[in-house]
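Numbers restart at 1 for each chain; the letters A, B, ... are given by sequence-line order, proteins then strands.
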2 protein chains.
Amino acid sequence: MSDLIVRLRARGWRITPQRQAIALVLDGENLHLSAEGVVERARRILPGISMATVYNTLNELVAMGEVLEVSTGSGARLFDPNATHAHHHLVCSACGEIHDVQADLGGRAPDMLDRHDFLVTGYSVVFNGLCQNCQARRAAER
Amino acid sequence: MSDLIVRLRARGWRITPQRQAIALVLDGENLHLSAEGVVERARRILPGISMATVYNTLNELVAMGEVLEVSTGSGARLFDPNATHAHHHLVCSACGEIHDVQADLGGRAPDMLDRHDFLVTGYSVVFNGLCQNCQARRAAER
DNA sequence: TTTACTGCAAACCGTTTGCAGTTCC
DNA sequence: GGAACTGCAAACGGTTTGCAGTAAA
């Protein structure tokens with residue numbers, strides 16, 4: 001059984017087949033799925049599951065911090081189940097692929113904010129550029 | 001006349017009243033407006049201006065790098081005309097207000113990416129937390 | 001048995017688009 | 001004069017919601 005299900009049960013959630021399917025879909029590394037992607041995969045496990053249920057569940061998971069929301073600016077939200085290990089994102093401008101990257105600003109982040117009376121509770125970095133594949137493809141094209 | 005209009009003319013744009021109104025709206029520091037916010041303000045200058053024109057223009061400005069897109073994750077895109085000075089954003093979790101902050105990761109950003117074959121062309125940092133006002137309000141509430 | 005949860009479908013919101021008319025150069 | 005631009009309104013894609021039915025505890 002997935003860790004997520006255990007934690008959801010601990011929080012008093014009813015463990016329905018739908019939630020088990022969603023938890024199963026969200027079990028993995030380097031996962032950045034759109035809501036539609038989650039529905040699609042969840043339907044392989046539980047064909048009848050509805051969009052509404054998936055959206056409801058994802059929103060609740062985000063609200064309780066079990067899942068992160070990644071907004072890449074282009075179109076739909078992406079959901080990132082890797083909420084336990086702080087990390088940032090590499091977004092390929094060519095193919096849209098997203099990779100996780102270790103979080104480490106080496107304590108410099110707070111320095112940036114010295115002159116702002118702003119209480120920082122967290123931060124996220126989005127790196128834009130070209131992934132390995134797209135670099136290779138560009139090199140081959142010219 | 002705004003600098004932006006000068007640059008747009010230099011790029012061969014036709015300078016219409018609509019574009020002048022939008023340029024006027026986008027003239028300012030620390031501005032983070034939704035498309036609707038731009039329409040609203042532009043209509044004070046040119047009452048008949050349409051959503052479509054504003055969206056078209058904003059998208060073109062973003063595409064040519066004259067305006068930045070800030071995605072806060074919650075709802076609509078925000079447009080940031082401060083494209084000439086690299087900066088990042090402080091987003092208040094309580095009131096949603098956004099402030100610009102000087103960009104300076106002190107050359108550490110590339111270090112984070114050593115083990116990823118990823119060609120970084122840019123990055124942006126979003127700091128989450130509480131702005132001065134919301135800190136004060138919370139302190140007063142308890 | 002209770003009440004949280006699900007599925008359907010319609011509504012919603014921000015955004016884009018096709019097209020006919022207008023206007024800047 | 002002609003291409004670029006505008007405005008309208010309809011369409012669009014992603015997401016939310018109301019409600020009646022279902023099932024977990």
Can you tell which of [options] lies closest to the side chain of [X]?
X: B:Arg77; options: C:dT15, D:dT15, D:dT6; value: C:dT15
X: B:Thr57; options: D:dG14, D:dT6, C:dT15; value: D:dT6
X: B:Ala52; options: D:dA24, D:dT6, D:dA9; value: D:dA9
X: B:Thr16; options: C:dC24, D:dG14, C:dC8; value: C:dC24
X: A:Pro17; options: D:dA24, D:dG14, D:dT17; value: D:dA24
X: B:Asn56; options: D:dG7, C:dT17, D:dT15; value: C:dT17
X: B:Ile15; options: D:dC5, C:dC25, C:dG14; value: C:dC25

Query raised in the report: Does a sphere of radius 6.0 Å around CZ in A:Arg7 hold more than 12 heavy atoms from other residues, nucleotides or ligands, not counting ones at 6.0 Å or beyond?
Result: yes
Requested in this report: Answer with yes or no whether A:Arg14 presents, from its side chain, a donor or acceptor under 3.5 Å of a partner atom in the base of C:dA4.
Outcome: yes
When the distance from [atom1] of [X] to [atom2] of [N] is rounded to whole Å, what number comes out?
X: B:Gln18; N: D:dC8; atom1: CD; atom2: P; result: 11 Å
X: A:Arg19; N: D:dA25; atom1: CZ; atom2: C1'; result: 13 Å
X: A:Leu58; N: C:dT6; atom1: CG; atom2: P; result: 12 Å
X: A:Glu60; N: D:dT16; atom1: CD; atom2: C1'; result: 13 Å
X: A:Leu61; N: C:dC5; atom1: CG; atom2: P; result: 12 Å
X: B:Gln20; N: D:dT6; atom1: CD; atom2: P; result: 11 Å
X: A:Arg9; N: C:dA4; atom1: CZ; atom2: C1'; result: 15 Å
X: A:Leu8; N: C:dC5; atom1: CG; atom2: P; result: 11 Å

Query raised in the report: Is there a donor-acceptor pair under 3.5 Å between the side chain of A:Arg19 and the backbone N or O of A:Arg14?
Result: yes
**Report entry** Short side-chain donor-acceptor distance under 3.5 Å, A:Asn82 and A:His32
**Finding:** no
Query raised in the report: B:Arg11 versus B:Glu66: any side-chain heavy-atom pair under 4.5 Å?
Result: yes
Query raised in the report: Just wondering, do B:Leu33 and B:Val25 contact through their side chains at under 4.5 Å, heavy atoms?
Result: yes
Report task. Would you mind classifying the nucleic acid contact of B:Asn59 as base, sugar-phosphate or nothing, using non-hydrogen atoms under 4.0 angstrom? Result -> sugar-phosphate
Query - Phosphate OP1/OP2 of C:dG7 contacted by A:Thr53 side-chain N/O (<4.0 Å) - result: yes
Report task. Look at the side-chain N and O atoms of B:Tyr55 and state whether any lies under 4.0 Å from the OP1 or OP2 oxygen of C:dT15. Result -> yes
Report task. Name the residue closer to the 5' end of DNA chain C, choosing between B:Trp13 and A:Val54 according to the nucleotide with the nearest heavy atom. Result -> A:Val54
